[in-house]
**Q** 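This is the structure, below, for whatever I ask next.
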Amino acid sequence: MKKGILLISKVALVSVFILTTSCSSDDDAETIVETVTIDSSLPNGTLVASRSGSFVAESGTPTAGTAELGIDDDSTSFIHFENDFTTELGTGTVGIFLSTSAVYTPDPANGNPELMLIGNVNANGEKFIKLSEAPEAKYTHIILWCATANIPFGNAELN
């Protein structure tokens, strides 16, 4: 039994020696492995804006800032809220809709042809919203709609 443990110890010691000496180079240069994490919710490369607009506050909210519609280097469409974006956050869910006008006009019985929900506001400041496809040209506005209070918080006309 002692001979078996001694043999296993010797094999382990030789294995460690081989691993540590065989992995080093002649010039003792250190290999650095960098891990790159790609966030697919962010644009790849440069976002080129095709339309943009400034938010107009509604219903007494502090909504302000700029939003733009654009594509990245992979031709993926995004809505970008710039760093200056702010709105009311204390009421619950604030939906972000593309709309055919500055007025929120739901028509669920017909599939809401004038609106397209694209996300929710969860913080002030810069935000990117990746779109599954380029929106139709009929969508001329971004509307912030508070479902909790059933009121608009603001809109931006995209020019």
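Values below: all heavy atoms of this structure, side chains included; hydrogens, waters and symmetry mates excluded.
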**Q** If you compare all heavy atoms of Thr76 against all heavy atoms of Leu131, which two are closest, and at what distance to 0.1 Å?
**A** CG2-O, 4.3 Å
**Q** With rounding to the nearest 0.5 Å, note down the distance linking CD1 in Ile79 to NZ in Lys127.
**A** 11.5 Å
**Q** Starting from Leu89, can I reach Leu144 by hopping between I/L/V/M/F/W/Y residues whose side chains sit under 4.5 Å apart?
**A** yes
**Q** What is the minimum heavy-atom distance between Asn124 and Thr87, and which atoms define it?
**A** OD1-N, 2.7 Å
**Q** Is there a donor in the side chain of Glu114 and an acceptor in the side chain of Thr100, or the other way round, less than 3.5 Å apart?
**A** yes
**Q** Test your reading of the model: is there a side-chain donor-acceptor pair from Asp72 to the backbone of Ser75, 3.5 Å cut-off?
**A** yes
**Q** Between Thr61 and Ser59, do the side chains contain an N or O donor and an N or O acceptor separated by less than 3.5 Å?
**A** no
**Q** Any chance you could measure Ile118, atom CD1, to Ser99, atom OG, to the nearest 0.5 Å?
**A** 11.0 Å
**Q** What heavy-atom pair brings Phe55 and Gly154 nearest, and what distance separates the two atoms?
**A** CD2-C, 4.4 Å
**Q** Tell me, do Glu58 and Asn155 make a side-chain contact under 4.5 Å, heavy atoms counted?
**A** yes
**Q** State yes or no: do Phe97 and Tyr139 share one hydrophobic cluster built from I, L, V, M, F, W and Y residues joined by side-chain heavy-atom distances below 4.5 Å, directly or via other members?
**A** no
**Q** Any chance you could measure Asn159, atom CG, to Arg51, atom CZ, to the nearest 0.5 Å?
**A** 8.5 Å
**Q** Assess the side chains of Asp73 and Asn44: does a donor N or O sit below 3.5 Å from an acceptor N or O?
**A** no
**Q** Please answer: with hydrophobic residues joined when any side-chain heavy atoms are less than 4.5 Å apart, are Leu117 and Ile96 in the same cluster?
**A** no
**Q** Determine yes or no for a side-chain-to-main-chain donor-acceptor pair under 3.5 angstrom, with Ser50 supplying the side chain and Leu69 the backbone.
**A** yes
**Q** For Pro135 and Met116, work out which heavy atoms get closest and say how close.
**A** CB-CE, 3.9 Å
**Q** Any non-hydrogen side-chain atom of Cys146 less than 4.5 Å from a side-chain atom of Thr93?
**A** no
**Q** Given the rule that I, L, V, M, F, W and Y join up when any side-chain heavy atoms are under 4.5 Å apart, are Phe81 and Leu158 in one cluster?
**A** yes
**Q** Under 3.5 Å, is there a donor on one side chain and an acceptor on the other for Asp84 and Thr66?
**A** yes
**Q** Taking all non-hydrogen atoms of both residues into account, name the closest pair between Ile71 and Ser77 and its distance.
**A** CG2-OG, 3.8 Å
**Q** Going by heavy atoms in the side chains, are Leu47 and Glu68 under 4.5 Å from each other?
**A** yes
**Q** Val56 and Leu115: same hydrophobic cluster, using ILVMFWY side-chain contacts below 4.5 Å?
**A** no
**Q** Minimum heavy-atom separation for Thr140 and Ser101, please, with both atom names.
**A** OG1-N, 4.0 Å
**Q** Do any pairs count as a side chain to side chain donor-acceptor pair (under 3.5 Å) and have a residue in residues 143-152, sequence neighbours left out, and if so which ones?
**A** none
**Q** So His80 and Phe128, would you call those rings parallel, tilted or perpendicular, with 30° and 60° as cut-offs?
**A** parallel
